[in-house]
Amino acid sequence: MFRFFVINLSSNVIFTGELLINSSHISKEQYAIMKRWNFLPHDQANTNKLAEESGLPLVLAGILSARGIDAARLESMFPGNAGLSDPFLLADMDKAVQRIQDAIEAFEKIAVYGDYDADGVTATALLYSYLETCGADVLYYIPERDTEGYGMNCEAIDQLAAEGVRLIITVDNGIASVPEVRHAAALGIDVVITDHHRPQAELPQACAVVNPHRPDCPSSYKDFSGVGVAFKLVTALEGAVEGNGIDLLDSYADLLAIGTIADIVPLTGENRLFVIQGLELLAQPDRPGLRALAELCGLEEKTLTATRVAFSIVPCINAAGRIGSPARAVQLLLSEYADEAYPLAEELYQDNTYRKQIESDISEQAIALLEKEPQRLDEPILVVEGADWNPGVIGIVAARLSGRYGKPCMVISCSGDEAKGSGRSVEGFSLFEAVCACKGFLTKFGGHPMAAGISLCTEAVPAFRRAINAYAAGQPRALPSLTVDCVLNPQDLGLEIPRALRLLEPFGEGNPQPLIGVLNMKLTEITPLSGGKHLRFTFMQNDYIIHCVKFNITVEQFEYRAGDLLDLAVTLEERDYHGAPRTSIHLRAYKPAGMDLQAVFDGCTLWERARSGAPLSKRQKERLLPAREDFAALYRYLRGIPGFSGGIEALLARMPPHFSAERLLICLDVLQEHKLIRRVQSGLYCETSILPAAQKVDLFQSNILNQISNASETTEEE
């Protein structure tokens, strides 16, 4: 038995007593990062109108209407065989076609210059195989991720020149290759660029630059992946008029689907058609390489979806470039013989298994660095660096860390004097703009709002970290968000709902699986499944009961308990149970009922500001400084439980209604300062329990409270 604390409510002094400590433990890895819930607005009149005009089920019409899709835009969601857009609407497409046709007729050697990710690999295979059918003298080149990096490089151009190449066609890269195109021209090599990444201020002086994001590009559809732009080039070369090349999907939709899904571009418009037809081909693949890969990934007996492709075939193709030579992935896709394809598929499958282990090791090292230097966690952008981390997986690690801590993250691998970084962002913060603001520290950079890649000198890493965080400090903090498409009562979750929602498949970027809000549900039972690996929850509202399943979470990792009121965000599927169809409810997210997580996040941001010693307004100080009853309420709660582990929002839900997140965190700081609690804080995740003590403690004799009270005052309210 340990001594416990008795709070004297008539004074500001805490006295001591005894308490048995038996702290529960939630893995920080399993903590679901706080997200703002966005509820789409619904207009019943618009919903009724769309349902009447389209014949769609009412719930589906409501979701589409809430997503901003009216009858005129339905074709983008249900394209059928309406045909493809005119490829010549893309700027410079006519110039690209003319130069390539000239090269084919003159039998000039052509090089398809690709990229090492799944989008670039499928684009390379698609364009290379098409040019071969045209009788072109063509080869392909994929740069090595480790030694060459992304995009064109002068050494590769020299090598291609030595092989007699007279025309380079880039796919999924090239838009930033201004000096490289100039170098190629000096060697007598023409370049046609096809790319979908955002252009910088200066375009390369190539024969043609085909990129839907060019400011002067008249194409109305902008969201192609790299393989999508390559396919538009193929349709233009084919000179198709009827359907603008729709028949070519029979030959290339499988590659289009893989690359489009892999690059996480919106699954709307033509991209949606690419994936719909591609999934049909992938269900019974003609290419021996894809047939072998599907078998190894266990897809043969499963209904193929975009999600399954994203988590099985795509990682294996990506692994070729992350672990070894990316050219093997192109070879696999082009292979015409099973005895050649299967060993290649096995190599890529094993590479992906090895990649997972490397990724896990680097993640552990990065997390250890953040815990060793916790001040990094207070910075708006997490920057972590390590020696000789595999550059092929640091982007995945960045995504994992960003998801874990709810902040943009840049992971940098330092190898000798050179360093390479890969970053991932959160919705609402453009990491590419942040990187652009720090370009003086970089030797190379590129990307888009949600991801960026950089190269720099190792010695510049600390200065880059300071610079990018100085930039981010001047930007609004972004809270990750989820979108609830509609709110339904629990009694309305019948089979007609998942059957209607199935019409929206395939799901993906720009067309996510609908999230259904089921609000103010009382948790009544938690049941472990599969040996405790998963959980089934029973919820009740007005005597109506529903059951939900959440995968990959244990009882110890779930911070709520029976009796709690929660808001749920769920997805629905129709499943067969012992021969009878039933609605399967998957719990995707949850929060304390009615809690405004944006307000919680804003409070946490203010707390971080106070910890940093930044100036505070008078109103901010009032929000931060606790009253005696605040300490009393928190301490009473902590004294009555073995220990708390979970998100700060879960702890806040246990406090009186007047409590705010910023004040709760300050209370925890002060209790920890006086050694009254044991506490581990990692981002917005907290572990805390009572510590033994034997003396009186005046909580208001606190350096933390003094720092807030004495902080420089500003009139700016943040």
Side-chain angles (χ1 to χ4, degrees), residues 32 35 37 39-40 56-64 66-67 77-78 257 261 264 267 272 275-276 278-280 282-283 294 297-314 482-519 521 523 525-530 533-541 544-553 558 566-590:
K35 294 185 177 182
W37 289 36
F39 292 87
L40 293 183
L56 293 171
L58 194 64
V59 66
L60 183 55
I63 288 173
L64 289 171
R67 290 182 177 184
M77 297 303 300
F78 306 101
I261 292 168
I264 320 179
L267 293 191
R272 187 167 173 80
V275 173
I276 290 172
L279 290 175
E280 293 178 3
L282 288 168
C297 293
L299 299 177
E300 290 180 304
E301 302 300 323
K302 295 180 179 178
T303 301
L304 208 56
T305 64
T307 301
R308 286 204 169 106
V309 171
F311 288 97
S312 56
I313 292 174
V314 168
L482 62 83
T483 297
V484 177
D485 290 277
C486 68
V487 175
L488 296 177
N489 294 318
Q491 58 267 33
D492 294 331
L493 304 180
L495 276 171
E496 67 276 7
I497 305 298
R499 287 173 177 172
L501 299 183
R502 191 186 304 151
L503 297 173
L504 282 177
E505 293 182 359
F507 301 123
E509 183 71 16
N511 181 45
Q513 185 174 10
L515 270 181
I516 309 300
V518 190
L519 308 183
M521 300 296 296
L523 177 61
E525 189 176 359
I526 304 172
T527 306
L529 302 175
S530 303
K533 295 178 182 178
H534 317 299
L535 295 179
R536 183 180 67 183
F537 301 98
T538 302
F539 290 96
M540 178 183 291
Q541 186 185 92
Y544 194 90
I545 293 173
I546 63 171
H547 302 286
C548 305
V549 174
K550 186 163 182 62
F551 296 107
N552 301 313
I553 187 170
F558 185 70
L566 298 176
D567 292 337
L568 315 178
V570 303
T571 56
L572 308 176
E573 295 180 14
E574 180 181 353
R575 291 289 180 89
D576 186 82
Y577 290 90
H578 305 294
R582 286 176 53 185
T583 300
S584 177
I585 306 175
H586 291 192
L587 183 59
R588 303 298 185 182
Y590 46 86

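Side chains of Thr305 and Pro506 form no contact here, defined as non-hydrogen atoms less than 4.5 Å apart. Residues Cys548 and Val518 form no side-chain contact, since every pair of their non-hydrogen atoms from C-beta on lies 4.5 Å or further apart. In this structure, the side chains of Thr483 and Pro512 stay at 4.5 Å or more apart for every pair of heavy atoms. A 4.5 Å side-chain heavy-atom check between Asn552 and His534 finds at least one atom pair inside the cut-off. Proximity of Cys297 to Phe311: side-chain heavy atoms (C-beta onward) are nowhere separated by under 4.5 Å.
Residue Thr538 comes nearest to His547 through the heavy atom pair OG1-ND1, 3.1 Å, listed as atom of the first residue, atom of the second, then distance. Nearest heavy-atom pair, Phe507 versus Pro514, reported as atom, atom and distance to 0.1 Å: CE2-CD, 3.6 Å. Between Leu503 and Arg272 the shortest heavy-atom distance is O-NH2, 3.8 Å. Considering every non-hydrogen atom in both Ala283 and Leu304, the closest pair reads N-CD2, 3.8 Å. The minimum heavy-atom distance linking Arg582 with Tyr577 is given by the pair CB-CD1, 3.5 Å. Heavy atoms only, all atoms of each residue included: Val484 and Gly517 are closest at CG1-N, 3.4 Å.
In summary, of the residues considered (Leu279, Leu282, Thr303), a side chain to side chain contact (heavy atoms under 4.5 Å, CB included) with Arg308 occurs for Thr303 alone.
Remark: Phe39 CZ is packed, more than 12 non-hydrogen atoms of other residues, nucleotides or ligands lying under 6.0 Å away. Annotation for Leu482: atom CG counts as buried by contact number, over 12 foreign heavy atoms lying within 6.0 Å.
Rounding to the nearest 0.5 Å gives a distance of 12.0 Å between CD1 of Ile516 and CG of Leu568. Within the model, atoms CG of Leu60 and CG of Leu504 stand 4.5 Å from one another, a figure rounded to the nearest 0.5 Å. Note that CD1 of Ile526 and CZ of Phe537 are 5.5 Å apart. Values are rounded to the nearest 0.5 Å. Expressed to the nearest 0.5 Å, how far CE of Met521 lies from CG of Leu566 amounts to 10.0 Å. Taken from CG in Leu501 to CD1 in Ile63, the straight-line distance is 4.5 Å, to the nearest 0.5 Å. Atom CD of Glu573 sits about 9.5 Å away from atom CZ of Arg502, to the nearest 0.5 Å.
In this structure, Asp485 contributes its side chain and Leu515 its backbone to a donor-acceptor pair below 3.5 Å. Between the side chain of Gln541 and the main chain of Gln491, no donor-acceptor pair closer than 3.5 Å is present.
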Show your reasoning for whether side chain to side chain contact (heavy atoms under 4.5 Å, CB included) applies to Leu40 and Cys486.
-> CA-CA 7 Å; Leu40 293 183; Cys486 68; over 6 Å; no
Does the pair Tyr590 and Phe558 meet the rule for a ring pair (Phe, Tyr, Trp, His ring centres under 6.0 Å), with working shown?
-> CA-CA 11 Å; Tyr590 46 86; Phe558 185 70; 5.2 Å; yes
List the steps, then state whether side chain to side chain contact (heavy atoms under 4.5 Å, CB included) holds for Leu535 with Thr527.
-> CA-CA 6 Å; Leu535 295 179; Thr527 306; over 6 Å; no
Report the C-alpha distance between Asp492 and Ile497 in whole Å, list the side-chain angles of each, state the deciding distance to 0.1 Å, and finish with yes or no for side chain to side chain contact (heavy atoms under 4.5 Å, CB included).
-> CA-CA 8 Å; Asp492 294 331; Ile497 305 298; 5.8 Å; no
Determine, step by step, whether Arg67 and Asn511 satisfy the side chain to side chain contact (heavy atoms under 4.5 Å, CB included) criterion, reporting the C-alpha distance in whole Å, the side-chain angles of both residues, the deciding distance to 0.1 Å, and the verdict.
-> CA-CA 9 Å; Arg67 290 182 177 184; Asn511 181 45; 3.2 Å; yes
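The aromatic rings of His586 and Phe551 sit perpendicular to each other, their planes meeting at more than 60°, with 30° as the lower class boundary.
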